[in-house]
S.K.: 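Here it is: the structure, laid out below.
In what follows, every heavy atom counts, from backbone to side chain, and hydrogens, waters and symmetry copies are set aside. Residue numbering restarts at 1 for every chain, and letters A, B, ... go by the order of the sequence lines. What you are looking at is a predicted structure, and each value in this text was computed from that prediction instead of being measured.
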Amino acid sequence: MPKVNTFKVSVQTGPQGMSEPVHFNFNNHNMPFENVTGSAEAGKTFEGSFEVNSFAHSLTLIGPKSGKWGIEKITVEYDCEGEKPYTVQFGGVNLDEATEVNIWQDPPVLAFDV
Amino acid sequence: MNFIKRIFTGMKQDEEPESSVTAEEKTEEKEIVTSPVIEKASQPETEPSFPDVRRVLQIPVISEGIFPENSDEILIKAQPSPTGDQCLFTVNRSLMTGHSWYFADFESAAGSSLAERLFSLEDVETVLVCECTVTITRKDKTLVDWAPLAKEVGTAIRETIQEGESLISEKIIADLPTEEEVREGIQKVIDIEVNPGVAGHGGNISLLAVRGNSVTIQMGGGCQGCSAADLTLKQGIHTSFRTAVPKVGAIFDETDHTAGLNPFFS
């Protein structure tokens, strides 16, 4: 469980968009994003980041309070202490008032050519 | 709060706090700013509010190709496991299509040029060939640096492929079991041996899928999130499966040991 300095998300919404502010959940703390650009409307891309400075136990993207949010792709850039920055792409998911989606991935295991 | 901050950031007591604040503090700050005092005072004190518990969905990570496409070269990547007990070698071509095979020792490698060559390396203990990968465990469990052995393994895999001999013996290929045989055998050993064994700890094992002779299982109940799950899997379940169904190949565990709020105790 590394210490996360900052992370940045890019969420590509499909035909089912939503107009609520996008929130995430870090270690069970519900938070809004900072440095927000774009939106979660249908066909649009939402971008936001957050300076965390804490150890990651869980990180999720929270569904809307009402209605549905059809996500096509999520890209997360992580900057963790003592690790090279890394990027992870997640596939599509549908979120609603009862769901959130895990967007935490540990730093990649070292692989080398032999 | 400074004390908590020091714990999370590793800051010394006499250090001045940085301008950046933790996620936890930002939550508190926001509550103070956005919650009017009058509203707080009017709330009944006997009704504590709890956060909404939502269901956490897991979605697949889209992995990009680790090798350049259409390369004629034999490219091999080594990836030691986080625990250091085994190393996965991924090759940019198929070694055994649709099936997998577990070589427990040198004797079992007879006629399979790839496994014979790998067992000729001093420290190789077991070899598992699955599709385009080879997983090696080593005899010397005290060594954590895989680089020297991995280079030898990479050279052995590359040279064996270049020699063009059949990598897996024809006898093994001819005797591969059907998926139904594997499913029946594994389900039986789960029902009569594995699950009664882990039930004492509130755990259970489910067979999720069989592909070729490779199986995918999921650990549930007390096993999910348990710190000893890796030991249970490798020393208990693998041994039971391979004893009962000797022709079973790769055994994948699809358990998400981090899911849930408190998986071991729930």
Side-chain angles (χ1 to χ4, degrees), chain A residues 1 3-7 23-32 34 50-65 71-76 81-82 86-114, chain B residues 4-5 7-11 17-28 30 34 51-64 66-67 73 75-83 87-91 146-158 256 258-261:
Chain A
M1 290 174 191
K3 182 182 173 190
V4 181
N5 295 328
T6 59
F7 75 97
H23 281 225
F24 66 96
N25 195 331
F26 188 89
N27 296 349
N28 278 344
H29 293 270
N30 186 326
M31 311 281 290
E34 294 172 344
F50 199 86
E51 192 178 324
V52 183
N53 293 316
S54 189
F55 291 87
H57 300 284
S58 65
L59 175 61
T60 62
L61 190 67
I62 300 174
K65 286 180 182 169
I71 295 172
E72 278 189 349
K73 195 170 76 176
I74 305 171
T75 306
V76 189
E81 194 169 84
Y86 61 102
T87 303
V88 175
Q89 276 194 7
F90 296 90
V93 65
N94 288 311
L95 296 178
D96 57 23
E97 68 281 355
T99 54
E100 53 193 301
V101 61
N102 173 47
I103 54 169
W104 172 251
Q105 279 285 311
D106 281 319
V109 179
L110 176 72
F112 51 94
D113 294 305
V114 292
Chain B
I4 297 170
K5 188 173 181 178
I7 292 174
F8 278 95
T9 59
M11 191 190 298
E18 293 167 15
S19 58
S20 55
V21 292
T22 65
E24 289 83 350
E25 284 179 304
K26 287 193 178 181
T27 309
E28 287 184 10
K30 285 218 179 297
T34 56
D52 294 336
V53 177
R54 289 171 177 249
R55 190 161 50 92
V56 178
L57 306 177
Q58 302 290 336
I59 49 172
V61 172
I62 303 167
S63 56
E64 292 173 6
I66 58 172
F67 298 116
E73 263 187 278
L75 303 173
I76 306 169
K77 275 207 188 290
Q79 188 175 338
S81 67
T83 51
C87 186
L88 174 75
F89 296 84
T90 306
V91 188
W146 272 90
L149 179 59
K151 284 200 187 309
E152 290 183 55
V153 170
T155 304
I157 294 172
R158 185 174 290 104
D256 179 8
T258 61
L261 292 175

S.K.: What distance separates A:Asp113 CG from B:Ile66 CD1, expressed to the nearest 0.5 Å?
M.R.: 9.0 Å
S.K.: Applying side chain to side chain donor-acceptor pair (under 3.5 Å), can you list everything that pairs with A:Asn94, at least two apart in sequence or on another chain?
M.R.: none
S.K.: Less than 4.5 Å apart, any side-chain heavy atom of B:Leu57 and any of A:Leu95?
M.R.: yes
S.K.: Taking every non-hydrogen pair under 4.5 Å, which of A:Leu61, A:Asn25, A:Ile62 racks up the most with chain B?
M.R.: A:Ile62
S.K.: Calculate, to the nearest 0.5 Å, the distance between atoms CH2 and CD belonging to A:Trp104 and B:Gln58 respectively.
M.R.: 13.5 Å
S.K.: Work out which heavy atom in A:Leu110 is nearest to a heavy atom in B:Pro80; give both atom names and the distance.
M.R.: O-CD, 3.6 Å
S.K.: Let me know which of A:Ile71, A:Ile74, A:Ile103 forms a side-chain contact (heavy atoms from CB on, under 4.5 Å) with B:Ile59.
M.R.: A:Ile74
S.K.: Search all heavy atoms of A:Ala111 against all heavy atoms of B:Lys77 and return the closest pair with its distance.
M.R.: CB-CD, 4.4 Å
S.K.: Could you tell me which portion of A:Asp96 (side chain, backbone, both or neither) has an atom closer than 4.5 angstrom to a non-hydrogen atom of chain B?
M.R.: backbone
S.K.: At a 4.5 Å cut-off on heavy atoms, which part of A:Thr99 comes close to chain B: side chain, backbone, both, or neither?
M.R.: both
S.K.: Quick check: are there more than 12 heavy atoms from other residues, nucleotides or ligands sitting under 6.0 Å from NZ of A:Lys73?
M.R.: no
S.K.: Restricting to pairs with a member in residues 148-157 of chain B, which pass salt bridge (Lys or Arg N to Asp or Glu O under 4.0 Å), not counting sequence neighbours?
M.R.: none
S.K.: What part of A:Val88 lies closer than 4.5 angstrom to a heavy atom of chain B: side chain, backbone, both or neither?
M.R.: side chain
